Amino acid sequence: MTSQKSTLWMGNIEKWMTLSYLSNLLQSINVYPSHITIKNYKSKRGCAFLDFSSREKAKFVLTEYNNKEVNGIKLIFNWVRPLEQKYSCMKINKFTVSKNLNLFL
């Protein structure tokens with residue numbers, strides 16, 4: 001029951017980068033994700049999640065543009081893995097994490 005990966009993580013997102021800026025940057029290299037989600041953090045660089053309509057399109061972006069510089073910005077991509085796959089020893093959800101955090105207070 002494994003689904004085909006079609007989402008990429010994109011790192012190196014500066015605080016000033018807007019959705020419009022990121023879309024234009026990707027379009028300048030002919031990359032057209034079906035959906036973009038930006039996560040900016042107050043004290044450090046953020047990241048973005050790029051959803052593609054197919055695994056082949058995501059794989060193309062990963063192989064062709066990872067670690068390339070475009071307009072003075074180094075593009076960094078990687079596959080997004082489900083939390084259960086990353087931490088295969090146990091399933092973690094927000095309720096489990098919240099409960100465990102109370103132990104350290």
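None of the values given here were measured: they were computed from a predicted structure.
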What residues, two or more places apart in sequence or in another chain, satisfy side-chain hydrogen bond (donor to acceptor under 3.5 Å, both in side chains) together with [X]?
X	result
D51	T7
S53	K57
Q27	none
N12	R45

Identify, with sequence neighbours excluded, every residue that meets side chain to side chain contact (heavy atoms under 4.5 Å, CB included) alongside [X].
X	value
N67	K74, I76
S20	T18, N24
T37	H35, K39, F49
I38	I13, L19, L22, I36, N40, A48

- Message: According to ring pair (Phe, Tyr, Trp, His ring centres under 6.0 Å), does anything in residues 52-79 pair up with another residue at least two apart or in another chain? List the pairs.
- Response: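 For residues 52-79: none.
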- Side-chain heavy-atom pair L25, L75 within 4.5 angstrom cut-off: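 With C-beta onward as the side chain, the pair touches.
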- Task: Please answer: with hydrophobic residues joined when any side-chain heavy atoms are less than 4.5 Å apart, are W9 and L26 in the same cluster?
- Result: no
- Task: Answer with yes or no whether the hydrophobic clustering places Y32 together with M10; edges join I, L, V, M, F, W, Y residues whose side-chain heavy atoms lie under 4.5 Å apart.
- Result: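 No, Y32 does not connect to M10 through the hydrophobic network.
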- Message: For A58 versus L8, what's the shortest heavy-atom pair and its separation?
- Response: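 Taking every non-hydrogen atom into account, O-CD1, 3.4 Å.
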- Message: Test of understanding: with salt bridge (Lys or Arg N to Asp or Glu O under 4.0 Å), list the residues that count as partners of E69, not counting sequence neighbours.
- Response: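 None.
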- Query: Say you draw a straight line from OG of S6 to CD of E56; how long is it, rounded to the nearest 0.5 Å?
  - Reply: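 The OG atom of S6 sits 9.5 Å away from the CD atom of E56.
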